[in-house]
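In listed order, ligands and their atoms are each counted from 1. All values derive from a computational prediction rather than experimental measurement.
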Amino acid sequence: MAILVTGGAGYIGAHVCVELLAAGYEVVVIDNYSNSREEVLRRIERIAGKPLIAYRVDLLDRPAVEAVFEEHSIEAVIHLAGLKSVGESVAMPIAYYHNNITGTLILCDVMRGRGIKRFVFSSSATVYGVPERIPITEDMPLSATNPYGQTKLMLEQVLRDIHGSDPQWSIALLRYFNPIGAHESGTIGEDPKGIPNNLMPYITQVAVGRRAELQVYGDDYETVDGTGVRDYIHVVDLARGHLAALRYVMEASGVEAFNLGTGRGYSVLELVSAFEKASGVRVPYRIVDRRPGDVAACYADSSKAEEALGWRAEKGIDDMCRDSWRWQSQNPNGYEG
Ligand code: WQD
């Protein structure tokens, strides 16, 4: 019996596959490589010392998806594949709704047809919109401020309705906060195509000399130093949260949402300072205007995941910065190199 990981060649997906292989699972990956590279799969295998099976498949290609399920005995699915840039989603809503919504509907319908009902879904803290209070708990109101977030919100509802139609489905909705860091080997990590949207890859590209300086989006928020505060979580802790959720859906049934964060917020300047300390490299920055759509502060209450999944984040900000830097310094051009 195998675990299917969609988007398994991506940043989160690669780290999930490493943890699954280390735990003894058989892993099958499908990925369309729109935001990843086949090279990642080779590196996953080198880290794990085990093979994994991978297919270049787009979830919108139903016959190709069916063929993978025909070829392998899949017992559960960890669904990470999806477009995930907030800014890009505003510019390309049709692509985001089609890729993320239709792709997930096809995946779930193929699962339904084969009686496969155990599902771990990559959701996002973005479903909380502008949080009315922090730390954020799973029962707080949900809203979306952009098409990307709307796809996550809609898919959480789709999955609740699928369970409503068949209560044997067992679904975990994992609401990620801000994943950063990399595997300790430094051989897999975050490698966004083009100009990084997110803070840490931008910092590491400045540190390695690919970019001149970091632009800090506003220092007039009501926060410790005026810059945005976020809940950064080590990607390996996040990956281990997926294994805990997989074990949970194998035992339970129903639909449950879980925050995967650390419960600790850091400002932009605090992260820059932590990175400079961990890497020994200075990161020049310039304060510029706020980025539209940003919230001042956002961090998790992850006690529900701790109680129900027996999971909590263990790595601190120094680990995250050191591991991000090891990845980027060993791979100055990401996987391109
Ligand atoms: C973090 C902080 C920025 C870049 C996004 C998505 C969310 C999720 C995680 C998918 C903010 C500041 C950033 C830069 C900066 N993705 N910043 N200069 O916006 O919290 O969340 O990624 O699920 O859906 O919204 O993360 O890393 O973009 O920003 O000052 O060049 O860093 O203003 O305060 P964000 P981020």
Side-chain angles (χ1 to χ4, degrees), residues 7 10-13 35 79-90 96 99-100 121-131 134 136 142-153 155-156 173-181 190 192 194-207 210-235 238 241-242 257 259-262 265-275 283-300 317 320-321 324:
Y11 171 47
I12 312 291
N35 192 25
H79 178 35
L80 310 176
L83 297 175
K84 65 154 194 138
S85 163
V86 169
E88 189 181 61
S89 78
V90 174
Y96 268 69
N99 184 81
N100 291 3
F121 176 61
S122 166
S123 189
S124 166
T126 203
V127 301
Y128 293 112
V130 181
I134 45 179
I136 295 172
L142 305 179
S143 67
T145 58
N146 56 77
Y148 161 73
Q150 198 62 259
T151 67
K152 293 300 185 182
L153 203 50
L155 287 170
E156 288 198 4
L173 310 172
L174 303 185
R175 295 173 180 166
Y176 306 165
F177 281 71
N178 291 63
I180 61 172
E190 190 167 11
I195 300 172
N197 293 302
N198 296 135
L199 180 59
M200 182 54 95
Y202 207 105
I203 288 175
T204 57
Q205 287 190 16
V206 169
R210 280 175 60 182
R211 303 205 183 268
E213 64 178 6
L214 171 71
Q215 295 191 327
V216 176
Y217 296 142
D219 66 350
D220 56 353
Y221 288 103
E222 293 288 311
T223 62
V224 59
D225 57 20
T227 63
V229 169
R230 295 292 184 276
D231 185 333
Y232 297 99
I233 176 173
H234 197 294
V235 67
L238 186 70
H242 286 71
N259 287 339
L260 297 190
T262 66
Y266 284 92
S267 74
V268 175
L269 295 184
E270 285 172 331
L271 188 67
V272 168
S273 170
F275 180 85
V283 176
Y285 65 83
R286 183 157 48 89
I287 306 291
V288 298
D289 291 341
R290 292 182 176 191
R291 179 173 65 178
D294 273 354
V295 298
C298 172
Y299 52 89
I317 202 72
M320 297 179 215
C321 291
S324 285

Between Asn259 and Phe177, is any pair of side-chain heavy atoms under 4.5 Å apart? yes
Are Ser123 and Leu174 close enough that some pair of their side-chain heavy atoms sits under 4.5 Å apart?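 Side-chain contact under 4.5 Å: no.
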Thr126: partners by side chain to side chain contact (heavy atoms under 4.5 Å, CB included), with sequence neighbours left out: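 Side chain to side chain contact (heavy atoms under 4.5 Å, CB included) check on Thr126 returns Ser124, Asn146, Tyr148.
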Could you tell me which non-hydrogen atom of Asn197 sits nearest to which non-hydrogen atom of Arg291, and how far apart they are? O-NH1, 3.2 Å
Minimum heavy-atom distance Arg211-Ile195, with the two atoms named: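 Residues Arg211 and Ile195, closest heavy atoms: NH2-CA, 3.8 Å.
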Assess whether atom OH of Tyr285 is packed by more than 12 heavy atoms of other residues, nucleotides or ligands within 6.0 Å. no
Neighbour list for ligand 1 [protein residues, heavy atom under 4.0 Å]: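 Under the 4.0 Å cut-off, ligand 1 touches Val86, Ser124, Thr126, Tyr148, Asn178, Asn197, Asn198, Leu199, Leu214, Gln215, Val216, Tyr217, Gly228, Arg230, Tyr232, Val268, Arg291, Asp294.
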